[in-house]
Protein chains: 2
Amino acid sequence: MPVTLPAAERTAGATLHEQVYQSLRGAIMCGRFVPGRALTIRGVAAMLGTSLMPVREALRRLVAERALELLANRRVSVPHMTPARLDELCAARLALEPLAAVRALPHVDGTRLAELRQIDAGIDAALAAGEVERYLQLNQLFHLTLYRAGEPQVLIPLIESLWLQFGPFMRATIGRIGASYVLDRHVEALAALERRDPLALRLAIESDIRDGMGSLSHEELLRLYRDAAAPAERSASARE
Amino acid sequence: MPVTLPAAERTAGATLHEQVYQSLRGAIMCGRFVPGRALTIRGVAAMLGTSLMPVREALRRLVAERALELLANRRVSVPHMTPARLDELCAARLALEPLAAVRALPHVDGTRLAELRQIDAGIDAALAAGEVERYLQLNQLFHLTLYRAGEPQVLIPLIESLWLQFGPFMRATIGRIGASYVLDRHVEALAALERRDPLALRLAIESDIRDGMGSLSHEELLRLYRDAAAPAERSASARE
DNA sequence: TCCGGAAACATGTGATCACAATCGGCCGGC
DNA sequence: GCCGGCCGATTGTGATCACATGTTTCCGGA
């Protein structure tokens, strides 16, 4: 079994399938599921101690959000990354996230700016401690906290769908973190926010996304391209 | 009852909830559901002659795609349009669709170009005949047929989500069609495709989207802004 | 040793049912 | 006349079951 799920035992006021959704979403973002390996309804239900129904709904929602892929067998799995999809994801992020940042800028007040600074400090700490998982979580939180200023209703779901597709791959293939941080794009973004400079903010977010792409392990990317040429057989890491 | 659904009787090989999804999606895009009015599972199931289960899954998928909104009561409805949401939808379309078009351009061959020309001819015919519904359908088909060249996997779902949110509102508030067509942006796009000119294509698509926004009935937009100021009471059209 | 087929198993889909929460209308009281 | 609380009807949620499809396993034959 490739994964142990955190047994959604928090009995929040939300519905059961919402809790299952959050558990699965977290597990996906951490790369806990092997791409291509089928996620069975009964399997997830057994891990989380629920019945089939909430799992069905959670899985279907994740498929609609493109976090999971519907196979021909009508089974679901984390989709394999392909060079074309990676390129598209990057292009979509570069189209949407700078836009979201610039639109959020007028609504960023002192409180939110302080919150962003605090998150960025946490990121630096995680980087210094080499805590990859925490770094990725906080990085996502930094971006979403910025974009959420002004309470956008349309852009956030689109961006979250992209992160859901991008996250597990990044988690699995990120190389040495910290190495590529010759320039801290978040500091640039914070400065742009303080100066209320839309263009500088756009550039900082664009650069941050590109840097994120650059931090992918080169050997993983090479394997990706190789696999794309011979898709019949996946490389070793896809095996158990 | 505000709507009669086309009784999903086509027994395609697909799953039942997929057929329900398609029926509901078509009805939503045609503006057949009154925004804010709750769509009940049992009601839809009765209209379509299915049991509750496929309807549940179809509704949940449409909620995930932001075509429907999850109310606090855990009931679903077509969301009301607000000025902020309209602005965001427009910005997202302007960010994603020109990008999708430019990325598709290198993959548009003669066959697809001919297909696009044929759709555009159909659009002109629908415009001349004053068939609003057919015009909107073909317009969507034109855009998606263009974007689908190169088989994008990421951008298409994002754009379809936007159309799903934008479509019902446009269907309900479109003014006199044809009037705003002093310039046919589709012809411009087709010319740009033939010349393989990315910049011209981008401009044509951008202009087409802006023109589409301009074709919204001004009185409807005014009512929208008025309602946004006093959201407690919706205007007459929201009542039965 | 390798291949093919059949049986046992696992899985997704859809239906039906129970139940708690919510909504609607009705009535009584202020 | 208007408001608040009560009761019935409606609704979403979750559980369990039946069934068709697809998958794996195991065994016999070449």
Side-chain angles (χ1 to χ4, degrees), chain A residues 1-3 5 7-24 33-34 36-64 67-79 238-240, chain B residues 1-3 5 7-24 33-34 36-64 67-79 232 234 238-240:
Chain A
M1 187 177 300
V3 58
L5 229 48
E9 58 217 9
R10 47 255 184 90
T11 61
T15 57
L16 203 44
H17 66 252
E18 178 77 23
Q19 301 175 40
V20 173
Y21 166 80
Q22 293 295 342
S23 289
L24 285 174
F33 299 121
V34 179
R37 171 99 78 213
L39 272 177
T40 69
I41 296 178
R42 287 173 175 86
V44 175
M47 290 186 210
L48 272 68
T50 73
S51 79
L52 305 184
M53 190 66 80
V55 178
R56 272 171 73 166
E57 311 212 340
L59 287 179
R60 206 161 288 283
R61 175 171 171 191
L62 288 163
V63 169
L68 297 176
E69 179 185 36
L70 194 59
L71 276 57
N73 331 336
R74 284 171 186 165
R75 297 169 75 169
V76 298
S77 73
V78 174
R239 311 240 152 240
E240 191 167 14
Chain B
M1 186 178 302
V3 57
L5 229 50
E9 58 217 8
R10 47 260 185 84
T11 61
T15 58
L16 203 44
H17 66 254
E18 178 76 23
Q19 301 175 39
V20 174
Y21 166 79
Q22 292 295 342
S23 290
L24 285 174
F33 299 121
V34 180
R37 171 99 78 217
L39 271 178
T40 70
I41 297 178
R42 288 173 173 86
V44 175
M47 290 186 213
L48 274 66
T50 72
S51 81
L52 306 184
M53 191 67 79
V55 177
R56 273 171 71 165
E57 312 212 339
L59 287 179
R60 208 160 287 282
R61 175 170 171 191
L62 288 163
V63 169
L68 296 176
E69 179 186 36
L70 195 59
L71 276 58
N73 332 336
R74 284 172 187 164
R75 297 170 75 170
V76 298
S77 73
V78 174
R234 292 284 163 186
R239 314 233 152 247
E240 193 167 11

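Reminder, nothing fancy here: chain letters follow the sequence lines and each chain counts from 1.
Using a 4.0 Å heavy-atom distance criterion, B:Arg42 is classed as a base contact.
The distance from atom CZ of A:Arg75 to atom CD1 of A:Ile41, rounded to the nearest 0.5 Å, is 10.0 Å.
Put simply, the side chain of B:Arg56 and the base of D:dG14 share a donor and an acceptor less than 3.5 Å apart.
A straight line from CD of A:Glu57 to P of D:dA15 spans 10 Å, rounded to a whole angstrom. A:Met53 has its CE atom 9 Å from the C1' atom of D:dT16, to the nearest Å. Separating the CZ atom of A:Arg37 from the C1' atom of C:dA10 is a distance of 16 Å, rounded to the nearest angstrom. We find that CG of B:Leu59 is positioned 8 Å from P of D:dG12, with the value rounded to whole Å. One atom, CG of B:Leu52, and another, C1' of D:dT10, lie 12 Å apart when rounded to the nearest Å. Remark: C1' of C:dA20 and CG of A:Leu16 are 14 Å apart, rounded to the nearest angstrom. One can place CG of A:Leu70 at 14 Å from P of D:dG22, the figure rounded to the nearest angstrom.
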Exercise for the section: Evaluate the criterion side chain to side chain contact (heavy atoms under 4.5 Å, CB included) for residue pair B:Leu71 and B:Val76; output intermediate values, then yes/no. Expected result: CA-CA 6 Å; B:Leu71 276 58; B:Val76 298; 5.8 Å; no
Exercise for the section: Report the C-alpha separation of B:Ser77 and B:Arg37 in whole Å, then their side-chain angles, then the decisive distance to 0.1 Å, and conclude whether the side chain to side chain contact (heavy atoms under 4.5 Å, CB included) test is met. Expected result: CA-CA 6 Å; B:Ser77 73; B:Arg37 171 99 78 217; 5.7 Å; no
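Contact detail for B:Ala45 and B:Ser51: the closest heavy-atom pair is CB-O, 3.6 Å.
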Do any side-chain atoms of residues 55-63 of chain A form donor-acceptor pairs under 3.5 angstrom with protein atoms, and if so which ones, sequence neighbours left out?
residue: A:Arg56; atom: NE; partner: B:Glu57; partner atom: OE2; Å: 3.3
residue: A:Arg56; atom: NH2; partner: B:Glu57; partner atom: OE2; Å: 2.8
residue: A:Glu57; atom: OE1; partner: A:His17; partner atom: ND1; Å: 3.3
residue: A:Glu57; atom: OE1; partner: B:Arg60; partner atom: NE; Å: 2.6
residue: A:Glu57; atom: OE1; partner: B:Arg60; partner atom: NH2; Å: 3.2
residue: A:Glu57; atom: OE2; partner: B:Arg56; partner atom: NE; Å: 3.3
residue: A:Glu57; atom: OE2; partner: B:Arg56; partner atom: NH2; Å: 2.8
residue: A:Arg60; atom: NE; partner: B:Glu57; partner atom: OE1; Å: 2.6
residue: A:Arg60; atom: NH1; partner: B:His17; partner atom: NE2; Å: 2.9
residue: A:Arg60; atom: NH2; partner: B:Glu57; partner atom: OE1; Å: 3.3
residue: A:Arg61; atom: NE; partner: A:Glu65; partner atom: OE2; Å: 3.2
residue: A:Arg61; atom: NH1; partner: A:Glu18; partner atom: OE1; Å: 3.2

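Distances shown here put every side-chain N or O of A:Asn73 at or beyond 4.0 Å from the OP1 or OP2 atom of D:dT21. Taking side-chain N and O atoms only, B:Arg75 has no distance below 4.0 Å to OP1 or OP2 of C:dA21.
Candidate nucleotides C:dG14, D:dG14, C:dG12 were compared by shortest atom distance to the side chain of A:Thr40, and C:dG12 ranks first. Picking from C:dA15, D:dG12, C:dG14 the nucleotide with the shortest atom distance to the side chain of B:Ile41 gives D:dG12. Distance from the side chain of A:Arg74 is smallest for C:dG12 among the nucleotides C:dT16, C:dG12, D:dG14.
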